[in-house]
Chemist: 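Mind having a look at this structure? Questions to follow.
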Amino acid sequence: MDFMEKLNMQQREAAEQTEGPLLILAGAGSGKTRVLTCRIAYMIQKCGVAPWNILAITFTNKAAGEMRDRVNAAVGRYAGQVWVSTFHSACCRILRQHIDRLGYDRSFTIYDTDDSRQVIKEAVRQLELDPKVYKERSILARISAAKNEMIDPDGMEADAKRWEEKKTAEIYALYQRRLKQNNALDFDDLLLKTVELFQSEPEVLLSYQERFRYIMIDEYQDTNTVQFALVRLLASRYRNLCVVGDDDQSIYKFRGANIRNILSFEKEFPGCRVIRLEQNYRSTENVLQAANEVISHNQGRKKKTLWTENEKGDPVRFRQFPTGYEEAEFVVGEIAELSRIRQKPYSDFAVLYRTNAQSRLFEEKCISADVPYQIVGGVNFYSRKEIKDILAYLKTIDNGSDDLAVTRILNVPKRGIGQTTIGRITQYAGEREMSVYAVLLEADEIPGIGRSLPKIRSFTSLISRFRAASADYLSVRQLMEMILKDTGYQEELEAEDTDEARARIENLEELISKASDYENTAEDPSLSDFLQQVSLVADIDNVEEGADRVLLMTLHAAKGLEFDSVYMTGMEENTFPSYMSVGTGSDEEIEEERRLCYVGMTRAQKHLTLTAAQMRMVRGETHFHTASRFVNEIPRKMLDIGRDTSDSRRFLAGSRDYAASPADSRDLFRAGSHDTAAAQTLRKKTPLQGMREFKVTKAEALDYAVGDRVRHIKFGSGVVTAIQDGARDYEVTVLFDKAGVKRMFASFAKLQKE
DNA sequence: TATATAGTGTTTTTT
DNA sequence: ACACTATATA
C-alpha cells in the first residue's frame, strides 16, 4: 500500500472513503487524479472490491487512458476489468448491447456535428421553411440544448410561445425521425438514449447497477443534466458515488454543463461527505496567487483559497505588442531561445488562446523559426473532406441505412451521377420510406433515371464487392486500401498533383495507420467498433505522449494539462473575454470566461506569461483592443510588465479607462469591426476616448521610396508607386509583379528594399 | 453535368 | 479571411 503514503491527509481521507456519496472539491493542481487512482487501487487491494464493479468516468479518452495506465501500475493485471471511459463511450458501449429495445439497430452509426447539420438542412427544406431564418447552426444548438435538458420534441412544442419556436420543435421532430431512419445517433442521443433505456427497461438498469457498485466521476463541474440523470440512475441502488470537481473550473456551460450539479450535490445526495483539496502541488506561489486574484472576482462560487508550499518563483509576466504578428514572434522567439540556449525541451511549453483562429500566426512563426509544434483541435482531423469520404464508404458498407453516408459518396469520386439524379433518388426513397441504398438496388424502378442506370449499377456492385470483402475477414486497413484503389479515389488525388492533394493523401495515410493501430490494440476489432471509436475521439486525444514539441491549443483544450511554461495569448478585451460574452453584458458569461482564464493560468507550473496585441486582424478586418480586464484584475505589484514599462503601463491604464465606460467600448468595437473606412477617418480627426492609447509605432523614416523595388512576405516583389504620410503611419501603395496593386501600412507590411 | 465566378454570411469554446 | 451558396456558362 505504499502508494497511499504519497498522499496528504485530505487526499488520503478521500481515497479511503469508499462507501457512500462523496464530493471531492479539488482545486487546480491538487492531485485529484492521483487520489482517484489510489482510491481505485485501495478499493481493489484493501477492501476486496471486484475490479469489474468499478466505473470511472473521465472527461476525455486521453484522461481515461492515463488513468487506466496508472491503475495498471498500481494494481496490476486486474485493472483491465475496471471500466474507465468517457460518458459518451460508456453509453455507446451500453447501447451497442441493448439499443434494439428502443427500436434502433445495434449497428447504429454516430453522427458528428456536420452530419447533424446536413440532416437539419434537409429537414428545413422539407418543411419549406426559410433557411435564412432557420439556420442549421442555431437550430442544432437549440436541439442540443433541449436534449441536454432531456426535453423531447413534444416538450419543446409545449414550451414554445413564438411561431419560430413551434417550427423549431417541428424541425426537431423531423430531425429525430430522420436519425432513426438512418439508424444514427448524435452525440447527445448517446446519453439521452441510455437514460431512456434505463428508464424503460428496469431489468437492464438493474444489471448495470449491480455491475457498477462503485462509481467515480471526474470533472463533475462539467456534467450536464442528462449526464447527471444517468449518474443518478446508476448510483441510486448502492449510492457509492464519488464525484470530483471544482466549480471554479466549470467552462462548458455552453454545451449544457450545469454548475448546479456541483453546487447542489449535497442536497441531491443527503449525508454525503465533502472533502476539500486545497493544497496545490503544481504551480509556484506567484502563479497561484495571481490566479487566485483573478478568480476571486467571481461572485457565485464556493469560497476557497488554494495554497502551496512551492517556491515563490518568477512573477507572472505581461507583455503587449502592436499586432498579433509581433506577439507571435515574441512567444515563438522566446521559446526557440530558451530551448536552444537553456536546453529546455519544447514539450515544456504551451501556447494557449481563446479561439482556434488565433493559432495561425503562431503556427507560421513556428514554421519559420523551426520550432516543432502540434496544434490541438482546429479543423478536426475527422471532419476533413477526404477522411469523411472514406469513412462514408466504411459506414455504407457497415450500415446501409445511413442515407447521409450513401448520398455523400454516390458521386465521389465523380462517376457521372449528378444532382438531378441524386434528387430523384432521394425523393423516391422519401416517398416510399425506403433507405437510399435500398432504392439504388432497384434503380430501374425510378422514373426518369434513364442514362444514369448503368452508373448506379456499377456503384452498387462496387459496394457489394466491398461488403463481401469485409465479411471475408479483411482488416479495416485492407478494406480502406481497397476502397482507395478500387474507387479511383487515390488515383484522382494523385493526378491532381497539387500541395493540397498531397496533404489529403497524407491524411488518408494517417487514417490507415490509425486503423492498423486500432486493429493491433482493440480487444475485438470490428468495422463498427472502429467507426464508433473514430466518432468519439476528442482533439486532445490525438496528442502524442512524449513527443518533444510545443503545444498550441485553445484554453478549453488545455483543461487537465500542465506545463512548465504557459503563454496565454490574446489577452485583450473582446478577444478574451470574447466579444460574445462582453456584448451580452451578462455577468454569468463573463464569469465563465473568468473561470476559463483561471483554468489557463493554473496550467502553469513555473512560468506564466500573458500577452496581448493592440491591433489584430479579425475576419479580415482590423480591430483595436485594450488589455483584458483579467490582466487588470491581477494587482500591478504581482505583475512583471516589462522593462519598457511606459508602453505596458499606458496600455493597462487605457484599458482601465475603458472598462469604466462600457458603452464606449462597444462603440469602438463597432467602429472597428463594421464600418472600417468611416471609422478610420473618424479616428484621424477625433480620436475616441481611449483611442490615443493605441499608438502604432510609426517608423521615423522609410528605407524605401517611390519607384524602389520592395519585397513583401506574402505578395512577393513589386514597385512602390505611392507613399502617403498618414497621421499614425505611412500608407504605402505597391504594384506587385504577381499580386497586383496593394495598399498597406508600412509598420505592418514589413517591406524589404530589394 | 461540371466548373467558374460572384455574392453571402460567419465562428467562442466541444463530446 | 474564409467557406459556402447560387448562378452563369461550357
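Here is the naming used below: chain letters follow the sequence lines, and residue numbers restart at 1 for every chain.
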Chemist: Are OP1 or OP2 of B:dT14 and a side-chain N or O of A:T554 less than 4.0 angstrom apart?
Modeler: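 Result: yes.
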
Chemist: For the pair made of NZ in A:K253 and C1' in B:dT14, what is the distance, rounded to whole Å?
Modeler: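 It works out to 16 Å between those atoms.
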
Chemist: Can you check the A:H556 NE2 to B:dT13 C1' distance for me, whole Å?
Modeler: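 Rounded to the whole Å, the gap is 4 Å.
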
Chemist: Quick one: label A:N356 by what it contacts on the DNA or RNA (base, sugar-phosphate, nothing), any heavy atom closer than 4.0 Å.
Modeler: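 Result for A:N356 = sugar-phosphate.
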
Chemist: Hey, does A:E592 reach any base, or is it just sugar-phosphate, or nothing, if we go heavy atoms under 4.0 Å?
Modeler: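 Result for A:E592 = nothing.
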
Chemist: Under 3.5 Å, is there a donor-acceptor pair linking the side chains of A:S535 and A:Q532?
Modeler: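 No, A:Q532 and A:S535 have no side-chain donor paired with an acceptor closer than 3.5 Å.
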
Chemist: Can you list everything that forms a salt bridge (Lys or Arg N to Asp or Glu O under 4.0 Å) with A:E491? Sequence neighbours excluded, please.
Modeler: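 Expected list: none.
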
Chemist: According to a strict under-4.0 Å criterion, is A:K559 in side-chain N/O contact with OP1 or OP2 of B:dT13?
Modeler: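 No, outside the criterion.
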
Chemist: Measure from the side chain of A:T113, starting at C-beta and using heavy atoms only, and say which of B:dT15, C:dT5, B:dT13 lies closest.
Modeler: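 Closest of the options to the side chain of A:T113: B:dT15.
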
Chemist: Could you pull out every donor-acceptor pair under 3.5 Å between side chains of residues 251-258 of chain A and any protein atom, sequence neighbours left out?
Modeler:
unit_1, atom_1, unit_2, atom_2, d
A:K253, NZ, A:E588, OE1, 3.3
A:N258, OD1, A:R260, N, 3.1
A:N258, ND2, A:T225, OG1, 3.4

Chemist: Taking only the side-chain nitrogens and oxygens of A:K135, find out if one of them lies under 4.0 Å from OP1 or OP2 of B:dT10.
Modeler: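 Looking at the OP1 and OP2 atoms of B:dT10, one of them is under 4.0 Å from a side-chain N or O of A:K135.
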
Chemist: Between B:dT13, B:dT3, C:dC2, which one does the side chain of A:R360 approach most closely?
Modeler: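 The answer is C:dC2.
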
Chemist: Can you tell me, in whole Å, how much space there is between the C1' of B:dT13 and that of C:dC4?
Modeler: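 It works out to 22 Å between them.
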
Chemist: Just the rounded figure in Å: distance from C1' of B:dT10 to CZ of A:R117.
Modeler: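 A:R117 atom CZ is separated from B:dT10 atom C1' by 10 Å.
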
Chemist: Measuring to OP1 and OP2 of B:dT11, would you say a side-chain N or O of A:R354 lies under 4.0 angstrom away?
Modeler: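 Looking at the OP1 and OP2 atoms of B:dT11, neither is under 4.0 Å from any side-chain N or O of A:R354.
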
Chemist: Expressed as a whole number of angstroms, how long is the span from A:N574:CG to B:dT11:P?
Modeler: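 Spelled out: CG on A:N574 to P on B:dT11 is 18 Å.
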
Chemist: Rounding to an integer number of Å, can you tell me how far A:Q249 CD sits from B:dT13 P?
Modeler: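 About 20 Å, once rounded to whole Å.
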
Chemist: Does any donor atom in the side chain of A:N507 or A:E386 lie under 3.5 Å from an acceptor atom in the other side chain?
Modeler: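 There is such a pair (donor and acceptor under 3.5 Å, judged by atom type) between the side chains of A:N507 and A:E386.
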
Chemist: In whole Å, what is the span from the CG atom of A:L230 to the P atom of B:dT15?
Modeler: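 Atom CG in A:L230 sits about 19 Å away from atom P in B:dT15.
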
Chemist: In whole angstrom, what separates A:L555's CG from B:dT14's P?
Modeler: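 Computing the A:L555:CG to B:dT14:P distance gives 10 Å.
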
Chemist: Select from A:L536 and A:K414 the residue whose nearest nucleotide in DNA chain B is closer to the 5' end of that strand.
Modeler: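 Taking each residue's closest nucleotide, the earlier one in sequence belongs to A:K414.
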
Chemist: Does the side chain of A:Y175 come under 3.5 Å of the side chain of A:D186 through a donor N or O and an acceptor N or O?
Modeler: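 A pair is found: one side chain offers a donor N or O, the other an acceptor, under 3.5 Å apart.
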
Chemist: Do NZ/NE/NH1/NH2 and the carboxylate oxygens of A:D247 and A:R595 come within less than 4.0 Å?
Modeler: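 Salt bridge absent between A:D247 and A:R595.
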
Chemist: For A:K385, answer base if it contacts any base atom (sugar-phosphate contacts may also be present), sugar-phosphate if it contacts only those atoms, and nothing otherwise; contact means non-hydrogen atoms under 4.0 Å.
Modeler: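 Nothing, no heavy atom under 4.0 Å.
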
Chemist: If you assign each of A:K455 and A:S535 to its closest nucleotide in DNA chain B, which residue comes earlier from the 5' end?
Modeler: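 Nearest-nucleotide comparison on DNA chain B picks A:K455.
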
Chemist: A:F254 on top of B:dT13's base, within under 5.5 Å and under 30°?
Modeler: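 The base of B:dT13 is stacked with A:F254 (centres under 5.5 Å, planes under 30°).
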
Chemist: Would you say a side-chain N or O of A:R137 is under 4.0 Å from OP1 or OP2 of B:dT11?
Modeler: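 So the side chain of A:R137 is within the cut-off, an N or O lying under 4.0 Å from OP1 or OP2 of B:dT11.
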
Chemist: With the side chain of A:N411 defined as its heavy atoms from C-beta on, choose the nearest nucleotide among B:dT13, B:dT10, B:dA2.
Modeler: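 Looking only at heavy atoms from C-beta outward on A:N411, the closest nucleotide is B:dA2.
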
Chemist: Ignoring hydrogens and geometry beyond distance, is the side chain of A:R255 in donor-acceptor contact with the base of B:dT15 at under 3.5 Å?
Modeler: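 No.
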
Chemist: Separation of A:M553 atom CE from B:dT14 atom P, in whole Å?
Modeler: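 So the two atoms are 12 Å apart, to the nearest Å.
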
Chemist: Heavy atoms under 4.0 Å, any strand shown: does A:T421 hit a base, just sugar-phosphate, or nothing?
Modeler: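 It contacts sugar-phosphate atoms only.
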
Chemist: So A:Y252, base contact, sugar-phosphate only, or nothing? Heavy-atom distance under 4.0 Å.
Modeler: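 Result for A:Y252 = sugar-phosphate.
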
